[in-house]
Undergrad: 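Can you keep this structure in mind? I'll have questions shortly.
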Protein chains: 2
Amino acid sequence: MDLIRTQGRRITRQRRLVLETLRDSQEHLDAYALFERVKVRDSKISLATVYRSLALLKESGLVQENRLGEDHGHFEATQATPHYHFTCLGCGCVIEFEAPQVMEVVATLCSGQALQVTGVNLHLSGYCADCHAPGQDGGCG
Amino acid sequence: MDLIRTQGRRITRQRRLVLETLRDSQEHLDAYALFERVKVRDSKISLATVYRSLALLKESGLVQENRLGEDHGHFEATQATPHYHFTCLGCGCVIEFEAPQVMEVVATLCSGQALQVTGVNLHLSGYCADCHAPGQDGGCG
DNA sequence: AGTTTTATTGCGAATAATACTCATTATCAA
DNA sequence: TTGATAATGAGTATTATTCGCAATAAAACT
């Protein structure tokens with residue numbers, strides 16, 4: 001969190017609170033849900049501050065935003081090992097999975113095309129084991 | 001396009017136009033840019049119809065929506081071989097790349113967790129060869 | 001070809017997510 | 001402790017996308 005304090009930026013109670021709340025909850029909260037949780041501990045905090053804190057924390061790499069097929073972002077504290085998401089179009093459940101091959105793809109691209117990759121977002125959608133696709137009986141693709 | 005005509009759905013001039021325009025342009029158009037292009041051929045078409053057509057074409061798999069780091073979607077006609085996107089945070093350019101390993105990851109997940117994957121979205125962000133990251137001199141990650 | 005049924009359109013208004021404004025407050029350096 | 005200024009809170013603005021509804025047009029049926 002200290003690396004925020006570059007370029008004259010300040011560590012505030014609100015920013016600490018946003019990050020802590022995100023770390024405590026192992027879910028994929030959207031901005032409003034996070035706002036409601038944070039408000040329990042700081043009833044005066046505003047939604048705008050939550051958005052601003054998230055933007056800052058994202059910039060510093062402490063937080064990541066995922067687009068899970070909805071029209072708004074979901075946020076989570078950055079973890080040690082990268083992971084990715086699958087969203088069920090039936091029940092809406094989100095399944096996390098690891099896939100080291102993804103970072104290999106990234107590494108190949110980095111060297112091959114001289115790209116510097118700072119963000120990797122893999123999102124799968126489909127139907128989970130409990131939900132069957134309409135008119136199909138399982139399978140892949 | 002004929003598979004739209006299920007469930008009493010109709011193939012309309014506007015829908016055909018939206019799909020054709022998207023196929024003709026090899027860029028990643030957002031809804032409004034697409035609207036402007038389509039309007040050249042049908043000056044009466046409305047933005048709402050473009051959105052509705054896109055939603056329908058997405059459902060049928062003829063069109064795909066990509067979130068390229070901005071707060072709105074970009075659309076492209078579905079192609080034979082899947083590809084993915086890298087967005088430069090410096091200049092905003094978008095680089096497409098293929099990566100067969102991604103579909104292998106998907107296949108593994110499908111069999112391992114009994115998931116049925118219908119959509120795969122991999123989006124990388126970072127800095128292209130022309131844009132250097134602030135305070136770093138290249139590298140990966 | 002003409003008629004009927006009803007999905008689709010065009011328009012403007014509505015909604016939802018996120019960003020901005022600005023007076024006030026709080027963080028940090030000296 | 002104090003001063004400079006970054007950040008906040010509250011409300012408003014903006015932007016992307018969807019909705020409601022009367023008018024239109026695609027497909028089915030003569």
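Quick caveat: nothing in here was measured; it's all calculated off a predicted structure. Because only heavy atoms are used, hydrogens play no part in the values below, and waters and symmetry mates are left out as well, while side chains stay in.
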Undergrad: Heavy atoms only, 4.0 Å cut-off, all strands: where does B:Arg13 land among base, sugar-phosphate and nothing?
TA: nothing
Undergrad: Given atom CG of B:Leu47 and atom P of C:dG12, what is their separation to the nearest angstrom?
TA: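 Spelled out: CG on B:Leu47 to P on C:dG12 is 12 Å.
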Undergrad: Picking from C:dT9, C:dC28, C:dT18, which would you name as closest to the side chain of A:Arg10?
TA: C:dC28
Undergrad: Can you tell me how far C1' of D:dA7 sits from CD1 of A:Ile4, to the nearest Å?
TA: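 Value for this atom pair: 12 Å.
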Undergrad: Of the options D:dA16, D:dA10, C:dT9, whose atoms approach the side-chain atoms of A:Ala48 most closely?
TA: D:dA10
Undergrad: Ion pair present between B:Arg13 and B:Glu20, side-chain N to carboxylate O less than 4.0 angstrom?
TA: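 No salt bridge links B:Arg13 with B:Glu20.
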Undergrad: Given atom CG of A:Asp42 and atom C1' of C:dT25, what is their separation to the nearest angstrom?
TA: 13 Å
Undergrad: Of the candidate nucleotides D:dA27, C:dT18, D:dG9, which contains the atom at the shortest distance from the side chain of A:Arg52?
TA: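 Within the option list, the nearest is D:dG9.
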Undergrad: Any base atoms under 4.0 Å from A:Arg16, or only sugar-phosphate, or nothing? Heavy atoms, all strands.
TA: nothing
Undergrad: Can you tell which of B:Gln26, B:His83, B:Gln64 makes a side chain to side chain donor-acceptor pair (under 3.5 Å) with B:Glu76?
TA: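 So the option named by the test is B:His83.
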Undergrad: Output the rounded distance in Å from NZ (A:Lys39) to C1' (D:dG9).
TA: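 Between C1' of D:dG9 and NZ of A:Lys39: 12 Å.
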Undergrad: Students often get this wrong, so: under 4.0 angstrom with heavy atoms, is A:Arg9 touching a base, only sugar-phosphate, or nothing?
TA: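 Contact class for A:Arg9: sugar-phosphate only.
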Undergrad: Are A:Tyr51 and C:dA19 close enough that a side-chain N or O sits under 4.0 Å from OP1 or OP2?
TA: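 For C:dA19, neither OP1 nor OP2 has a side-chain N or O of A:Tyr51 closer than 4.0 Å.
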Undergrad: Hey, are B:His85 and B:His28 close enough side-chain-wise for a donor-acceptor pair under 3.5 Å?
TA: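 Yes, because at least one side-chain N or O of B:His28 sits under 3.5 Å from a partner of the opposite role on B:His85.
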Undergrad: Quick one, A:Arg37 and A:Ser25 - any side-chain contact, counting heavy atoms below 4.5 Å?
TA: yes
Undergrad: So which nucleotide from D:dT8, C:dA17, C:dT9 ends up closest to the side chain of A:Arg15?
TA: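 Nearest listed nucleotide: D:dT8.
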Undergrad: Would you mind telling me which residue lines up with the more 5' stretch of DNA chain D, A:Val50 or B:Arg5, judged by nearest nucleotide?
TA: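 That would be A:Val50.
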Undergrad: By nearest atom, which of the nucleotides C:dA16, C:dT18, D:dT8 is closest to the A:Ser53 side chain?
TA: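 In terms of side-chain proximity for A:Ser53, the closest of C:dA16, C:dT18, D:dT8 is D:dT8.
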Undergrad: Whole angstroms only, please: what is the CD-P distance between B:Gln14 and D:dA25?
TA: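 Rounded to whole Å, this separation is 9 Å.
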Undergrad: Could you work out which one of D:dA10, D:dA26, D:dT17 sits closest to the side chain of B:Thr12?
TA: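 Of D:dA10, D:dA26, D:dT17, D:dA26 is nearest to the side chain of B:Thr12.
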Undergrad: Please report the distance, rounded to the nearest Å, between CG in B:Leu17 and C1' in C:dG10.
TA: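 From B:Leu17 CG to C:dG10 C1': 15 Å.
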Undergrad: Separation of B:Asp71 atom CG from D:dT17 atom P, in whole Å?
TA: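 Rounding to the nearest Å, CG of B:Asp71 and P of D:dT17 are 8 Å apart.
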Undergrad: Are side-chain heavy atoms of A:His74 and A:Leu29 found at a separation under 4.5 Å?
TA: no
Undergrad: Kindly point out which of C:dA17, D:dT8, D:dA27 is positioned nearest to the side chain of B:Ile11?
TA: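 Per side-chain heavy atoms of B:Ile11, the pick is D:dA27.
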Undergrad: In whole angstrom, what separates A:Gln7's CD from D:dA7's C1'?
TA: 15 Å
